[in-house]
Undergrad: 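I have a structure I would like to understand better, so I am pasting it below and will then ask my questions one at a time.
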Amino acid sequence: MLINRSILLPDRMFLRQALHIALPMTVQYGIVSLLNIMDVVLVQGLGDQAIAAVSLANQVNFIISLVVFGITSGATTFMAQYFGQGSDEGVRKSMALSFALVFGLTFFYSALVMAAPRAAMRVFTGDMQLVELGAQYLPVVAPTYLLSGVTLTYSSIMRCTGRAKLPMFASIIALSLNTLMNYLLIYGVGGFPKLGIMGAAVATLLSRAIETAIILLFDYVPQNRFKVKWRDFRHIDKPFTIQFFQKTTPVILNETIWGVGTAGYSMIFGRIGTTAVAAMNIASTMDQLFSVLFRGMANAALVMLGNELGAGKIMRAKLDAGRFCVWGFISGILIGVIMSLLSHRFVHLLFGGVTPETATLSVHIIYIISAYIPLRAFMSIVIVGVLRSGGDTMYAFMLDTLPIYLISLPAGILFGIILGKPMEFVLSVMYSYCIIQSIFGIRRTLSYRWAKKIVHQ
């Protein structure tokens with residue numbers, strides 16, 4: 001994969017396909033990120049404790065959302081290749097199995113969190129005030145885990161079959177409703193009750209319910225060739241199930257173990273102090289907003305490369321993989337520069353109610369995150385888009401998780417908890433795993449061991 005003219009200047013077919021898939025997904029991811037962080041932004045008037053509590057409570061959702069993403073991402077590998085092959089039955093069968101797994105898992109997890117919200121909060125912090133605040137928030141917001149699971153599952157089949165706009169519009173409506181209801185219910189505006197932190201939870205629940213209803217109403221109710229019916233569940237035979245789990249289990253484990261490791265970051269920061277938690281989550285809101293670009297590119301790569309591999313266009317898939325990787329890295333550089341330039345304005349505009357100490361630390365953290373964005377963008381495309389598109393999921397699993405557990409978490413525990421180093425130093429060392437990860441990512445991509453067709457008629 002040489003960086004030549006065909007990679008730096010892609011043809012019109014590549015640009016048209018990539019934009020058709022990536023643009024709606026990027027907009028949707030951006031809106032979902034705004035939806036997730038709006039609670040944090042609007043509770044700032046309640047103080048640093050409220051920001052920290054909501055941020056840590058959202059880590060509970062973060063874990064299950066990654067597991068769901070693992071299931072739908074693995075299923076997308078099959079759906080994309082079946083769609084490229086022209087097998088509607090294969091697309092529906094993959095969707096049916098994915099939906100059954102997601103529904104069962106999110107239902108159980110939501111019930112568990114509703115039954116034991118304090119236990120869930122104590123995983124992330126020992127501060128009892130934060131535990132109690134989070135315990136008010138979690139039981140109300142827990143049903144959204146199930147709603148989000150349904151939405152993500154339907155969104156995955158829409159992306160694979162060229163219908164990515166509906167999830168985007170549903171998310172726009174959800175964001176608008178969530179923002180309005182947050183403002184009205186947190187502070188008791190316009191005759192609405194003043195619910196504080198619980199108001200944020202109620203707003204999130206209502207907006208997620210509306211988002212799910214829109215997608216079901218406009219996609220499931222009308223007749224379309226990819227509509228999943230009960231007979232599709234009966235067509236899930238043993239050979240398909242075995243093949244499905246062989247390829248998707250590493251993806252599910254990848255997202256789960258990666259999510260647990262990333263949640264471990266919050267546990268480390270929670271032991272450093274409330275200021276560190278609040279500052280990290282303020283910086284993370286900016287990171288979430290700007291990282292949607294390469295997340296959209298990574299999932300567009302998964303769909304496009306999967307379609308090409310399923311249709312037997314191996315050489316085309318190799319070429320397009322190079323294009324996605326190179327332009328992902330270039331986009332990461334631009335995103336990092338923009339984040340650094342806007343960091344002061346972002347923190348003071350959206351989080352003017354926090355203490356000066358928290359605001360200053362937030363800006364410093366954004367600088368550190370910005371420096372590593374190009375490598376993170378590149379690796380997101382390699383792991384999610386390139387390797388998973390051809391079923392190279394076991395290597396993707398090891399590449400995504402081992403650096404976190406062997407480098408990042410031990411460094412955070414040593415320097416953050418044991419030695420008590422400044423937050424800026426701790427985070428810089430923890431993120432250094434991206435360098436080692438990228439070296440192995442380049443080698444695996446250039447080996448082309450991932451470029452395989454895994455579905456057959």
Undergrad: State whether the number of non-hydrogen atoms from other residues, nucleotides or ligands found under 6.0 Å of Tyr405 atom OH is greater than 12.
TA: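 Enclosed: over 12 neighbouring heavy atoms sit under 6.0 Å from OH of Tyr405.
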
Undergrad: If every non-hydrogen atom of Ser428 is compared with every non-hydrogen atom of Tyr372, which pair is closest and at what distance?
TA: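 The pair with the smallest heavy-atom distance is O-OH, 3.1 Å.
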
Undergrad: Looking only at heavy atoms, which two atoms of Lys318 and Trp450 are closest? And how far apart?
TA: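 Minimum heavy-atom separation between Lys318 and Trp450: CA-CH2, 4.0 Å.
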
Undergrad: Within a strict 4.5 Å, meaning less than it, do heavy atoms of the Val150 and Leu216 side chains meet?
TA: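 The answer is yes; the side chains approach within 4.5 Å.
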
Undergrad: Show every ring pair (Phe, Tyr, Trp, His ring centres under 6.0 Å) that has at least one partner inside residues 269-303, sequence neighbours left out.
TA: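 Those involving residues 269-303 do not exist here.
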
Undergrad: Does any N or O in the side chain of Ser110 come within less than 3.5 Å of the main-chain N or O of Phe107, such that one atom is a donor and the other an acceptor?
TA: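 Pair absent, no side-chain N/O of Ser110 close to backbone of Phe107.
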
Undergrad: Taking the side chain as everything from C-beta on, heavy atoms only, tell me whether Met280 gets closer than 4.5 Å to Met423.
TA: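 The answer is yes, as the side chains (C-beta and beyond) meet within the 4.5 Å cut-off.
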
Undergrad: Checking Thr249 side chain against Gln246 main chain: does a donor-acceptor pair fall under 3.5 Å?
TA: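 Judged by distance alone, no pair lies under 3.5 Å.
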
Undergrad: Any sub-3.5 Å donor-acceptor pair from Ser389's side-chain atoms to Gly306's backbone N or O?
TA: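 Not at all, since once roles are kept as given, no pair shorter than 3.5 Å links the two residues.
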
Undergrad: What orientation do Phe99 and Tyr154 show, parallel under 30°, tilted 30 to 60°, or perpendicular over 60°?
TA: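 Phe99 vs Tyr154 ring planes: perpendicular.
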
Undergrad: With rounding to the nearest 0.5 angstrom, report the CD to CG distance, Gln81 to Leu305.
TA: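 Going from the CD atom of Gln81 to the CG atom of Leu305 covers 10.0 Å.
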
Undergrad: Could you label the plane-to-plane angle of the Tyr431 and Tyr265 rings as parallel, tilted or perpendicular, counting under 30° as parallel and over 60° as perpendicular?
TA: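 Answer is tilted, since the angle falls between 30° and 60°.
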
Undergrad: Please find the pair of heavy atoms, one from Gly336 and one from Ser370, that lie closest to each other, and give the distance.
TA: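 Where Gly336 meets Ser370 most closely, the heavy atoms are O-CB, 3.4 Å.
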
Undergrad: Salt bridge or not for Arg376 and Asp287, using N-O below 4.0 Å?
TA: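 Salt bridge: yes.
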
Undergrad: Would you indicate whether the side-chain heavy atoms of Ile413 and Ile268 approach each other to under 4.5 Å?
TA: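 Yes - at least one pair of side-chain heavy atoms lies under 4.5 Å apart.
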
Undergrad: For the backbone of Ala22 and the side chain of Thr26, can you confirm whether one donor and one acceptor N or O come within less than 3.5 Å of each other?
TA: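 Indeed, once roles are kept as given, a pair shorter than 3.5 Å links the two residues.
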
Undergrad: Where is the tightest heavy-atom contact between Gln136 and Val140, given as atom of each residue plus distance?
TA: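 Smallest interatomic distance, heavy atoms only, reads O-CG2, 4.1 Å.
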
Undergrad: Please tell me if the side chains of Arg444 and Asp392 come closer than 4.5 Å, counting only heavy atoms from C-beta onward.
TA: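 Sidechains of Asp392 and Arg444: in contact.
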
Undergrad: Whether the side chain of Ser148 engages the backbone of Tyr145 through a donor-acceptor N/O pair (distance < 3.5 Å, no angle test) should be reported.
TA: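 Checked: no pair found.
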
Undergrad: If you take all heavy atoms of Leu133 and Ala53, which pair is closest and at what distance?
TA: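 Residues Leu133 and Ala53, closest heavy atoms: CB-CB, 3.6 Å.
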
Undergrad: With Ile335 as reference, evaluate Val292, Leu289, Ile373 under the side-chain contact (heavy atoms from CB on, under 4.5 Å) test and give the passing residue.
TA: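 Exactly one pass, corresponding to Ile373.
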
Undergrad: Going by atom types only, do Thr151 and Thr212 share a side-chain donor-acceptor pair under 3.5 Å?
TA: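 Thr212 and Thr151 do have a side-chain donor-acceptor pair below 3.5 Å.
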
Undergrad: By the definition side-chain hydrogen bond (donor to acceptor under 3.5 Å, both in side chains), identify the one residue from Thr393, Asn254, Thr76 that meets it with Arg388.
TA: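 Between Arg388 and the candidates, side-chain hydrogen bond (donor to acceptor under 3.5 Å, both in side chains) is satisfied uniquely by Asn254.
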
Undergrad: If you take all heavy atoms of Phe244 and Ser94, which pair is closest and at what distance?
TA: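 Heavy-atom minimum between the residues: CE1-O, 4.3 Å.
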
Undergrad: Among residues at least two apart in sequence or on other chains, which ones pass side chain to side chain contact (heavy atoms under 4.5 Å, CB included) with Pro403?
TA: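 For Pro403 the side chain to side chain contact (heavy atoms under 4.5 Å, CB included) partners, ignoring immediate neighbours, are Tyr433, Gln437.
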
Undergrad: Would you confirm whether Ser380, through its side chain, and Ala377, through its main-chain N or O, come within 3.5 Å as a donor-acceptor pair?
TA: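 Judged by distance alone, no pair lies under 3.5 Å.
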
